[in-house]
Amino acid sequence: MVRDFGWGKEEKFPGHQIVETGLTRLYRVTGNKSYLDLAKFFLDVRGPGSKYSQEYSQSNKKVTDQHEAVGHAVRATYMYTGMADVAALTGDRKYLEAIDDIWDDVVDRKLYITGGIGATGAGEAFGAAYELPNMSAYAETCAAIANVYWNSRMFLLHGDSKYIDVLERTLYNGLLSGVSISGDRFFYPNPLASMGQHQRSAWFGCACCISNMTRFLPSMPGYVYAQKDNDLYVNLFVGDSATIQLKAGKVNIVQQTDYPWNGKDDITINTAKPTTFSLRVRIPGWAENRPVPGNLYFEDDSSAVKIPILLNGSPIDYKTEKGYAVISRSWKKGDKVTLEFPMEVRKILAADAVKDDHSRFALERGPIMYCLEGPDNKDATVQNIVVDKQALVSPVYRPDLLSGVMTLQMPGNSASRQLHSDSLINSSQTVTAIPYFSWANRGPAEMTVWIPFEASAARPKPAPTIASKSKVTASVKNQRMYMALNDQYEPKDSKDNSALYLHWWPAKGTTEWVQYTFDSTHTVSSSKVYWYDDGPFGGCRVPAAWKLYYKQGAEWKPVNAKTPYTVEKDKYNVITFEPVTTTALKLEIQLPADNATGIHEWIVE
């Protein structure tokens, strides 16, 4: 690569930015500056003027002119990792200013409370500022891993604990959710809400998340500690033993802890002889009522908290620097530092600019984010639950559940609709939350991270209808999409990605179908279809035509329509027809010549 790429040679940048990080690492191992120079070249050569220059791949501007996170989230975060490496190794001020600004942009405007990044499936990309939808969150597993890489490099660049705060949040939540408890099924996207359409898969055609997760997990111990000269940093709290070489000598450090379920951590220092150095123990932002750096998420009670620290059983006074408790002394074998982080349950709120989280809170205990999932709650439904903001939340450890997890229990209410009535049935219930990383391990189910504390933010459980009780079949093979037709979820418009939809992409110009097989014989005379259309940039448009058939015996016959078949966006397309008594309806769709088609909802009356 050094021979073939560079200024005056092949002046091209990679399509997926990962070689830069490999080259900076190779430079650190070998000291061969040509590797660092090549890493910087691959970054510096990006920018306008190439037919490949585009925001999607962060090549529309010179990297030093970029100050916001844009485009494909995985490519971006790999590139930002490489930029942080180059900034640290060269001292380039323009690199430093750019990468600091981009980090601020993500943490202040584009970070999910789970540590996930990448709001939209369109381009697997960052969205606009504060665009953080929950049901359609992409938050790719690879992006979470890249977020750990990036924040690790930002810590190495600046020595500030705020980067490890983001790393830890990502590690325990938006990254760990990417693999099942059994270890053999994986998520590509990691949404923060579900109607039951999301399940981990054993394999993807594009298997990047599977291989990335299985590569990353064994590397996790490398993020626990760091050292610089005679400073030993404790970044993560895990049971372990490690030996670290400082300038002053070799230090063995042992942690004993049940973190993250409990907040106590015993740190034992062992040295062959008295050794003077500084132990720097991270005080997590969440323990001081700061869920994330910046103001994107916050608690109602944000008063400062001083974490007590014991040295050999006696309280000590300590100073903090960049989020670390600094204990400087001559250490000897068996010295023990004890911390106990407060493990109260915290209700997290989002900034007003995050519209999708209005009138909702998220539950956090220690570094763990929680969610409501169907199997633990009444009627296997969670979208209709409301919990008062002041409700008491009680932790209950369940060794028998999900390989052993701390659950949260609280009083709440739920609402259900009735047929032919606008009034709601409200009922009280005990609401149970589980760690977000552990959801979707018991089959398809509803889930939500952000819990309504006002009824206006909840979705009452719909009353059963002919459609909702029907069995769905279709010409599309992916059966996970079938529930979109009769989930009774009202889309905001035809391109609403927060609502479920069934689609035939990438098919074009074909004749397709969906079918309802009723639970019994019904007489019907009306049907409504809400088309999915993600134009102008997506691949689905309203159909060229459609037609409705009913089953008579073993035959399918067209209904006798009283109104025309319409194909309009952003509304229900209604057809009325002569009443038919039948056990099934089939909707036949002619896809447009140059696009696929999709359906948000299909109603039968």
Side-chain angles (χ1 to χ4, degrees), residues 195-197 379 381 383-384 416-422 446 459-476 478-494 496 499-504 511-533 540 542-591 597-605:
M195 296 293 292
Q197 75 274 32
D379 298 329
T381 304
Q383 307 292 340
N384 65 337
S416 301
R417 295 196 181 280
Q418 308 173 73
L419 277 176
H420 314 302
S421 173
D422 291 331
E446 287 195 14
R459 176 180 179 261
K461 184 179 181 181
T465 64
I466 295 173
S468 71
K469 293 185 292 182
S470 295
K471 177 184 176 182
V472 178
T473 50
S475 58
V476 65
N478 185 352
Q479 295 186 14
R480 291 186 190 176
M481 293 195 288
Y482 288 6
M483 67 178 296
L485 296 184
N486 59 355
D487 64 358
Q488 300 174 274
Y489 193 98
E490 292 294 318
K492 291 180 291 188
D493 52 41
S494 286
D496 182 3
L500 306 191
Y501 56 91
L502 178 150
H503 65 84
W504 284 273
T511 300
E512 308 291 347
W513 57 272
V514 292
Q515 178 182 325
Y516 280 154
T517 301
F518 302 155
D519 63 334
S520 62
T521 301
H522 289 279
T523 300
V524 295
S525 60
S526 176
S527 187
K528 304 176 183 178
V529 185
Y530 204 117
W531 304 113
Y532 176 73
D533 184 320
C540 288
V542 294
W546 60 289
K547 201 166 186 179
L548 200 61
Y549 295 82
Y550 70 98
K551 196 167 189 179
Q552 187 177 73
E555 296 183 42
W556 288 101
K557 296 191 173 183
V559 299
N560 187 8
K562 292 182 175 181
T563 55
Y565 288 95
T566 58
V567 285
E568 297 182 57
K569 292 197 302 182
D570 305 330
K571 61 183 290 187
Y572 277 102
N573 291 254
V574 182
I575 179 174
T576 59
F577 48 89
E578 295 289 343
V580 295
T581 301
T582 184
T583 58
L585 282 182
K586 183 166 70 172
L587 198 159
E588 189 177 86
I589 303 109
Q590 178 62 45
L591 270 55
T597 283
I599 301 174
H600 272 300
E601 197 75 15
W602 178 23
I603 296 172
V604 177
E605 296 172 336

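Position 1 is the first residue of the sequence, and the numbers go up from there.
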Inset, instruction - Flag yes if more than 12 heavy atoms outside Lys586 fall under 6.0 Å of its NZ atom; otherwise flag no. - result: yes
Which pair of non-hydrogen atoms, one from [X] and one from [Y], has the smallest distance, and what is that distance?
X	Y	value
Asp533	Val542	OD2-N, 3.1 Å
Glu601	Gln488	OE2-N, 2.7 Å
Tyr532	Asp496	CE1-O, 4.5 Å
Ser470	Phe518	OG-CD2, 3.3 Å
Ile575	Thr563	CA-OG1, 3.3 Å
Ala474	Tyr482	O-OH, 3.4 Å

Legend entry - Pairs touching residues 515-527 that satisfy salt bridge (Lys or Arg N to Asp or Glu O under 4.0 Å), sequence neighbours left out: Lys469-Asp519
Legend entry - Test salt bridge (charged side-chain N to carboxylate O under 4.0 Å, His left out) applied to Lys571 - qualifying residues, sequence neighbours left out: Glu568
Inset, instruction - Could you tell me which residues satisfy salt bridge (charged side-chain N to carboxylate O under 4.0 Å, His left out) with Lys528, sequence neighbours excluded, listed by chain and number? - result: Glu605
Do [X] and [Y] come within less than 4.5 Å of each other through their side chains, counting heavy atoms only?
X	Y	answer
Val476	Met481	yes
Thr597	Trp546	no
Lys557	Tyr550	yes
Trp504	Val514	yes
Glu588	Thr511	yes
Arg459	Met195	yes

Distance, nearest 0.5 Å, that separates [atom1] of [X] from [atom2] of [Y]:
X	Y	atom1	atom2	value
Lys551	Gln515	NZ	CD	6.5 Å
Ser494	Trp531	OG	CH2	10.5 Å
His600	Glu490	NE2	CD	10.5 Å
Leu502	Ile599	CG	CD1	6.0 Å
Asn560	Leu548	CG	CG	12.0 Å
His522	Leu585	NE2	CG	10.5 Å

Determine yes or no for a side-chain-to-main-chain donor-acceptor pair under 3.5 angstrom, with [X] supplying the side chain and [Y] the backbone.
X	Y	value
Asp379	Thr381	no
Asp493	Asp570	no
Gln197	Arg480	no

Inset, instruction - Fit a plane to each ring of His503 and Tyr501, take the angle between them on a 0 to 90° scale, and name the class: parallel (under 30°), tilted (30 to 60°) or perpendicular (over 60°). - result: tilted
Inset, instruction - Please work out which of the three classes, parallel, tilted or perpendicular, describes the rings of Trp602 and Tyr516, given edges at 30° and 60°. - result: parallel
Legend entry - No-hydrogen, no-angle side-chain donor-acceptor test under 3.5 Å, Thr581 and Thr523: yes
Legend entry - Qualifying residue for side chain to side chain contact (heavy atoms under 4.5 Å, CB included) with Ile466, from Val524, Ile603, Asn486: Val524
